[in-house]
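Presented below is the structure to which this report refers.
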Amino acid sequence: MNTDPTSAAPAAADNPLATASADVARLIRWADDFPEPGVRFADLTPVFADADAFRDVIDALVSVGAGADLIAGIDARGFLLGAGVARSLGAGVLAVRKAGKLPPPVLGRSYDLEYGTATLEIPADGIDLHGRRVLVIDDVLATGGTLGAATELLEAAGATVVGVAVVLEITALGGRARVAGHPVTSLLTI
Ligand SMILES: O=P(O)(O)OC[C@H]1O[C@H](OP(=O)(O)OP(=O)(O)O)[C@H](O)[C@@H]1O
Ligand SMILES: Nc1ncnc2[nH]cnc12
């Protein structure tokens with residue numbers, strides 16, 4: 001596990017956090033020119049489909065979630081991770097949705113990413129986020145637009161964001177700066 005943007009992923013094979021990192025590096029599926037020319041897309045589908053790798057990734061993310069009572073999973077792959085982590089921690093899970101999926105009223109935040117723009121939404125009623133300690137989880141940190149918008153949205157709703165955790169951080173895109181002010185954990189950094 002890497003919480004330092006300048007350090008390489010750990011290598012010790014008997015460390016469960018390093019094991020998760022190795023699983024991800026081994027199973028990640030890279031796609032050139034997807035979803036548009038010039039983008040090298042990191043598809044973590046094979047990581048989630050591998051029972052051992054999925055367990056290792058969830059266990060590693062759980063280890064950074066202590067103190068959180070709500071896990072926010074980002075649409076869509078963050079849902080898979082967030083639910084697993086929340087269940088293991090005994091926390092609730094909040095699905096942070098892409099625009100148009102939730103009935104009104106909603107709170108929303110728009111953002112730019114590597115290939116376009118998008119909006120994230122959460123319910124504006126029915127969940128009181130004041131005083132909730134939220135760990136925000138997604139599969140990839142790239143430009144940071146998604147996680148930056150998610151943390152802003154949750155804080156605007158009254159939550160305390162205790163951290164941000166991802167499986168893969170693509171450092172060349174500088175996303176960590178977009179979530180400055182929050183502890184950021186990435187299991188694998190490239
Ligand atoms: O750091 P960023 O530049 O914001 O990029 C990271 C986001 O990009 C991917 O999702 P995408 O927006 O492609 O949506 P999807 O989950 O619907 O595939 C990924 O799952 C992250 O959520
Ligand atoms: N290169 C990339 N791979 C996966 N998800 C991304 N989100 C933004 N850029 C991405």
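Just so you know, these numbers use all the heavy atoms, side chains as well, and skip hydrogens, waters and symmetry mates. Every number for a ligand or one of its atoms is a count from 1 in the order of the listing. Position 1 is the first residue of the sequence, and the numbers go up from there.
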Could you walk me through whether L81 and I58 pass side chain to side chain contact (heavy atoms under 4.5 Å, CB included), step by step?
CA-CA 7 Å; L81 298 165; I58 295 296; 4.2 Å; yes
Identify the heavy atoms of W30 and A42 that sit nearest to each other, and give their distance.
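Closest heavy-atom pair between W30 and A42: CZ3-CB, 3.5 Å.
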For residues L154 and A72, report the shortest heavy-atom separation together with the two atoms involved.
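Between these two residues, the closest heavy atoms are CD1-CB, 3.9 Å.
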What atoms of ligand 1 come closer than 4.0 angstrom to any heavy atom of [X]?
X	answer
Y115	8 (O), 9 (C), 11 (P), 13 (O)
R77	9 (C), 10 (O), 15 (P), 16 (O), 18 (O), 19 (C), 20 (O)
V140	6 (C), 21 (C)
T143	1 (O), 2 (P), 3 (O), 4 (O)
D75	16 (O)
D138	20 (O), 21 (C), 22 (O)

Name the closest protein heavy atom to [atom], giving the residue it belongs to and the distance to 0.1 Å.
atom	answer
atom 5 (O) of ligand 1	A142 CB, 3.7 Å
atom 20 (O) of ligand 1	D139 OD1, 2.5 Å
atom 12 (O) of ligand 1	L113 CD1, 3.0 Å
atom 5 (N) of ligand 2	F41 CE1, 3.5 Å
atom 9 (N) of ligand 2	E114 OE1, 2.3 Å
atom 7 (N) of ligand 2	Y115 OH, 3.1 Å

Which is it for L129 and I122 under the side chain to side chain contact (heavy atoms under 4.5 Å, CB included) test, yes or no, and what are the steps along the way?
CA-CA 11 Å; L129 291 175; I122 58 174; 3.8 Å; yes
Rounded to the nearest 0.5 Å, how far does [atom2] of [Y] lie from [atom1] of [X]?
X	Y	atom1	atom2	result
T151	R178	OG1	CZ	7.0 Å
H130	T160	NE2	OG1	9.5 Å
S186	L188	OG	CG	7.5 Å

Can you tell which part of I170 has a heavy atom less than 4.0 Å from ligand 2: side chain, backbone, both or neither?
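Contact part for I170 vs ligand 2: side chain (C-beta onward).
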Please check whether A42 reaches ligand 2 - meaning an N/O of the residue sits under 3.5 Å from an N/O of the ligand, judged on distance alone.
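Yes; at least one N/O pair falls below 3.5 Å.
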Salt-bridge criterion met for [X] and [Y] (N-O under 4.0 Å):
X	Y	answer
E121	K101	no
R40	E114	no
R133	D69	no

Check the orientation of F54 and F48. Use parallel for under 30°, tilted for 30 to 60°, and perpendicular for over 60°.
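Geometry flag for F48 against F54: perpendicular rings.
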Check whether any heavy atom of L113 sits under 4.0 Å from an atom of ligand 2.
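Checking ligand 2 against L113, which is what was asked, there is no heavy-atom contact under 4.0 Å.
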Under 4.0 Å from ligand 1, counting heavy atoms only, is it the side chain of L147, its backbone, both or neither?
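Contact part for L147 vs ligand 1: neither.
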Hey, is T146 touching ligand 1 through its side chain, its backbone, both or neither, going by heavy atoms under 4.0 Å?
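Answer for T146: both.
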Is [X] in contact with ligand 1, taking contact as a heavy-atom separation below 4.0 Å?
X	value
A76	yes
K98	yes
G144	yes

Working note: L168 + I28, criterion side chain to side chain contact (heavy atoms under 4.5 Å, CB included); need CA distance, chi angles, decisive distance, verdict.
CA-CA 10 Å; L168 175 70; I28 197 166; 3.5 Å; yes
Can you list the ligand 2 atoms lying under 4.0 Å from a non-hydrogen atom of R40?
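Here the atoms of ligand 2 in question are 1 (N), 2 (C).
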Mind checking whether L120 and K98 have side chains closer than 4.5 Å, heavy atoms only?
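Answer yes - side chains close enough.
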